[in-house]
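Here is how names work: the chains are called A, B, and so on, in the same order as the sequence lines, proteins then strands, and each is numbered from 1. Remember, it's a predicted structure, so these values are computed and weren't measured experimentally.
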Protein chains: 2
Amino acid sequence: MPSPRPLRADARRNREALLSAARVAFLAGDTDAHVEEIARSAGVAVGTLYRHFETREALIEEVYRKEVDDLCAAPEQLLEHHAPAEALRRFLLLLVDHAAVGKGMSVALESIMASDSPVFGDARTHMGDALTRLLDAGATAGTVRGDVTGPTLLRALGGICAMRVSDGWLDEARQITNLLLDGLRHGVPRAT
Amino acid sequence: MPSPRPLRADARRNREALLSAARVAFLAGDTDAHVEEIARSAGVAVGTLYRHFETREALIEEVYRKEVDDLCAAPEQLLEHHAPAEALRRFLLLLVDHAAVGKGMSVALESIMASDSPVFGDARTHMGDALTRLLDAGATAGTVRGDVTGPTLLRALGGICAMRVSDGWLDEARQITNLLLDGLRHGVPRAT
DNA sequence: CCATAAGATGAGTCCGGTTCCGTTTATGTG
DNA sequence: CACATAAACGGAACCGGACTCATCTTATGG
């Protein structure tokens with residue numbers, strides 16, 4: 001069902017070129033690059049862009065989704081080499097550092113993590129699971145409180161990434177992340 | 001210098017009507033209300049809207065700025081009636097609750113707190129000062145760590161508000177806020 | 001009551017995403 | 001290899017929405 005027809009050769013090339021062009025533009029921070037530009041720099045016309053992507057937004061989302069999916073592989077690695085609490089710390093700071101490389105990536109992470117858009121559903125679930133794994137490991141080891149869920153932490157991170165990149169942003173983001181970690185380590189569940 | 005001419009009577013009325021119409025629309029969550037609609041529901045034409053506000057954005061910002069300025073009065077009150085740490089807790093949760101009343105307010109707080117737009121400079125400074133006052137009081141009392149600044153905490157809150165309103169949002173936001181508070185209370189400064 | 005400058009109007013411009021259809025091309029079949 | 005055909009492409013036209021400007025209206029001070 002997921003492959004009705006194998007997609008013509010040139011079509012696949014063009015699709016790739018579009019994604020790559022969009023990737024360059026968006027991750028470079030030009031978050032409002034025009035469809036015309038993207039299409040041109042991919043060597044195709046707008047019509048072609050719209051053949052491959054429902055809408056401008058859809059294209060952006062595709063770029064971001066891929067980017068975030070990659071990051072979801074990290075927790076597995078980290079848990080192999082570090083104690084749960086440390087793995088959690090490293091992963092959170094990894095996310096922050098990624099967000100710091102450019103406005104584009106920060107927007108990507110925010111879009112995935114802080115919105116309810118169904119388009120990002122998969123990526124969100126994916127990332128939520130990754131965090132849950134880290135939190136569970138920590139809770140089992142007794143080094144992290146057990147009343148915070150992956151999705152909730154995901155939101156908090158989305159919030160941090162929502163802060164637009166600017167001078168001093170990285171340090172602030174790291175500090176806030178450390179605050180969260182301290183809260184995760186030392187806090188005692190409290191009635192809301 | 002700030003008052004070259006006293007502004008004609010009808011002009012002031014119209015300006016007020018526009019702000020009020022925009023306020024209704026935006027805080028109700030219709031964050032992409034059309035200028036045409038706003039102008040019409042204020043009983044004026046678009047031209048008039050643009051006589052009073054440089055741009056659509058400028059109008060929105062004006063609405064949001066006012067809203068946030070009001071909130072900045074709270075810390076003063078809270079510090080009079082509560083211990084610093086408790087005042088801080090109440091203020092953070094107050095912000096979260098305000099953000100919860102509707103998408104509009106949440107966008108307002110996010111815009112003010114998580115962006116670097118110079119337009120919000122005043123509001124941001126204002127809010128940053130308010131937080132600094134709370135943090136300083138807590139640090140002096142020894143109940144809150146002293147290495148977090150108002151502006152940084154402001155960013156963190158902006159992040160929380162950037163999470164779009166949805167089912168269960170309020171609870172998540174409160175939980176994250178409590179995490180931050182726990183971090184502020186128990187954490188020990190760590191090298192970045 | 002008039003002069004005049006501030007203010008209001010709204011049709012028109014501009015801009016950028018999206019659509020649509022005529023043309024081109026990959027691909028598999030005889 | 002030539003042809004048929006469906007897939008893919010191009011790009012001019014369309015459309016919605018923010019913004020402008022030439023013209024008309026009206027508050028206000030003398």
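Taking side-chain N and O atoms only, H52(A) has no distance below 4.0 Å to OP1 or OP2 of dA8(D). Residue T48(B) has a polar side-chain atom (N or O) positioned under 4.0 Å from OP1 or OP2 of dT9(C).
Other residues, nucleotides and ligands contribute over 12 non-hydrogen atoms within 6.0 Å of the CZ atom of R56(B). When the shell of 6.0 Å around CD of E80(B) is examined, it contains more than 12 heavy atoms from other residues, nucleotides or ligands.
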Protein-nucleotides 26-30 of chain D N/O pairs closer than 3.5 Å?
| unit_1 | atom_1 | unit_2 | atom_2 | d |
| --- | --- | --- | --- | --- |
| dA27(D) | O4' | R8(B) | NE | 3.3 |
| dT28(D) | OP1 | A9(B) | N | 3.1 |

Pull out every protein N or O sitting under 3.5 Å from an N or O of nucleotides 15-19 of chain C, one pair per line with the distance.
| unit_1 | atom_1 | unit_2 | atom_2 | d |
| --- | --- | --- | --- | --- |
| dG16(C) | O5' | H34(A) | ND1 | 3.4 |
| dG17(C) | OP2 | V35(A) | N | 3.2 |
| dT18(C) | OP1 | T55(A) | OG1 | 2.9 |
| dT18(C) | OP2 | Y50(A) | OH | 2.5 |
| dT18(C) | OP2 | T55(A) | OG1 | 3.3 |
| dT18(C) | OP2 | R56(A) | N | 3.0 |
| dT18(C) | O5' | Y50(A) | OH | 3.4 |

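The side-chain heavy atoms of L92(A) and L131(A), taken from C-beta on, include a pair separated by under 4.5 Å.
For A45(B), whose side chain is taken as the heavy atoms from C-beta onward, the closest listed nucleotide among dT9(C), dC9(D), dG7(C) is dT9(C).
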Evaluation steps, salt bridge (charged side-chain N to carboxylate O under 4.0 Å, His left out), between R89(B) and E86(B) | CA-CA 5 Å; R89(B) 192 181 82 85; E86(B) 177 62 11; 3.4 Å; yes
(request) Output, in order, the C-alpha distance, side-chain angles, deciding distance and verdict of salt bridge (charged side-chain N to carboxylate O under 4.0 Å, His left out) for R65(A) and E62(A). (result) CA-CA 5 Å; R65(A) 205 182 46 66; E62(A) 184 67 17; 2.9 Å; yes
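As rounded to whole Å, 15 Å separates atom P of dT20(D) from atom CZ of F53(B). Computed from coordinates, the N14(B) CG to dG10(C) P distance equals 13 Å when rounded to whole Å. Between the C1' atom of dA18(D) and the CD1 atom of I38(B) lies a distance of 11 Å, rounded to the nearest Å. Spacing between atom CG of L49(B) and atom P of dG7(C) amounts to 15 Å, rounded to whole angstrom units. A straight line from CG of D30(B) to C1' of dG17(D) spans 14 Å, rounded to a whole angstrom. The distance from atom CZ of R40(B) to atom C1' of dT9(C) is 15 Å, rounded to the nearest whole Å. Summarising the geometry, the separation between CZ on R15(B) and P on dA6(C) is reported as 17 Å, rounded to the nearest angstrom. Atom CZ in R51(B) sits about 15 Å away from atom C1' in dC19(D), given to the nearest Å.
Minimum interatomic distance between T152(A) and I176(B) (heavy atoms only, all atoms of both residues): O-CD1, 3.6 Å.
One finds the CD atom of Q175(B) at 8.0 Å from the CG atom of N178(B) (value rounded to the nearest 0.5 Å). N14(A) contributes atom CG, which lies 11.0 Å from atom CG of L19(A) (distance to the nearest 0.5 angstrom).
Of the residues R8(B), R12(B), R13(B), the one that meets the side chain to side chain donor-acceptor pair (under 3.5 Å) test with D10(B) is R8(B).
Five base pairs at each end of the helix from dC1(C)-dG30(D) to dG30(C)-dC1(D) define two local axes, and these are offset by 10° (rounded to 10°).
The pair R185(A)-D182(B) does not meet the salt-bridge criterion, since no charged nitrogen lies less than 4.0 angstrom from a carboxylate oxygen.
Looking only at distances, a side-chain donor or acceptor of T31(B) sits under 3.5 Å from a matching main-chain atom of G29(B).
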